Amino acid sequence: MELSKRDIRAILLFNFKKGRKAAESARDINETFGEEMTSEWSARKWFKRFRSGDLSLEDRERSGRPSVIDDGQLKTVIEKDPCKTTRKLAEELKVSQKTACNHLRALRKSRKLDKWVKHDLNEN
């Protein structure tokens with residue numbers, strides 16, 4: 001049985017409301033649904049959050065620098081010249097090479113024979 005993160009958090013909230021400990025809850029989830037479904041550290045983090053009064057099961061918004069690449073612009077640049085390296089793409093778009101790589105991956109592009117192509121699995 002495959003559980004989503006939200007399902008695991010719901011189980012943790014249930015155990016929190018029942019007065020159980022985070023470590024016990026994590027152990028029970030892993031015994032019932034398979035090893036490494038959740039960690040004791042993660043269970044403790046969620047229990048701390050529940051104790052603070054936040055019973056939401058959703059991730060909190062995270063701070064950080066927003067992405068500055070427009071995926072449409074990246075796609076246009078690649079279609080114009082599919083032989084460009086990530087370094088050249090990053091220079092042209094004025095972002096880090098890692099950011100360019102991450103956005104290419106998000107666009108499901110991979111490099112084949114020195115060209116950026118759509119990475120789709122086929123029957124072959």
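Each residue takes its place number in the sequence, starting with 1. These figures come from a predicted structure and were not determined experimentally.
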Between Asn102 and Thr99 (side chain of the first, backbone of the second, donor and acceptor by atom type, cut-off under 3.5 Å), is there such a pair? no
d(Leu104 CG, Asp71 CG) to nearest 0.5 Å is 9.0 Å
Taking Arg9 for its side chain and Leu57 for its backbone only, find out whether a donor-acceptor pair lies under 3.5 Å. yes
Here the salt bridge (Lys or Arg N to Asp or Glu O under 4.0 Å) pairs for residues 85-104, sequence neighbours left out, are Lys84-Glu92
| Cluster check Trp46, Leu55: I/L/V/M/F/W/Y, side chain < 4.5 angstrom | yes
Hits for salt bridge (charged side-chain N to carboxylate O under 4.0 Å, His left out) against Asp54, two or more places apart or cross-chain, chain-then-number order -> Arg49, Arg60
side-chain contact (heavy atoms from CB on, under 4.5 Å), that's the test. Do Ile11 and Leu3 meet it? Break it down for me. CA-CA 10 Å; Ile11 294 168; Leu3 291 179; 4.1 Å; yes
Sequence neighbours excluded, the answer for ring pair (Phe, Tyr, Trp, His ring centres under 6.0 Å) partners of Phe47 is Phe16
Residues at least two apart in sequence or cross-chain that pass side-chain contact (heavy atoms from CB on, under 4.5 Å) with Ala23, listed by chain then number, are Arg27, Glu40, Arg44
Rounded to the nearest 0.5 angstrom, the CG-CE distance for Asp7 and Met37 is 8.0 Å
Heavy atoms of other groups near Glu31 CD, more than 12 under 6.0 Å:
yes
Residue pair Asn15 / Asp28, side-chain heavy-atom distance below 4.5 Å:
no
Hits for side-chain contact (heavy atoms from CB on, under 4.5 Å) against Thr38, two or more places apart or cross-chain, chain-then-number order -> Ile8, Ala26, Ile29, Asn30, Ser42
message: Is the shortest side-chain heavy-atom distance between Leu74 and Ile78 below 4.5 Å?
response: yes
Contacts of Glu58 meeting salt bridge (charged side-chain N to carboxylate O under 4.0 Å, His left out) (sequence neighbours excluded), chain-then-number -> Arg6
So NZ of Lys45 and CG of Leu12: to nearest 0.5 Å the spacing works out to 10.0 Å
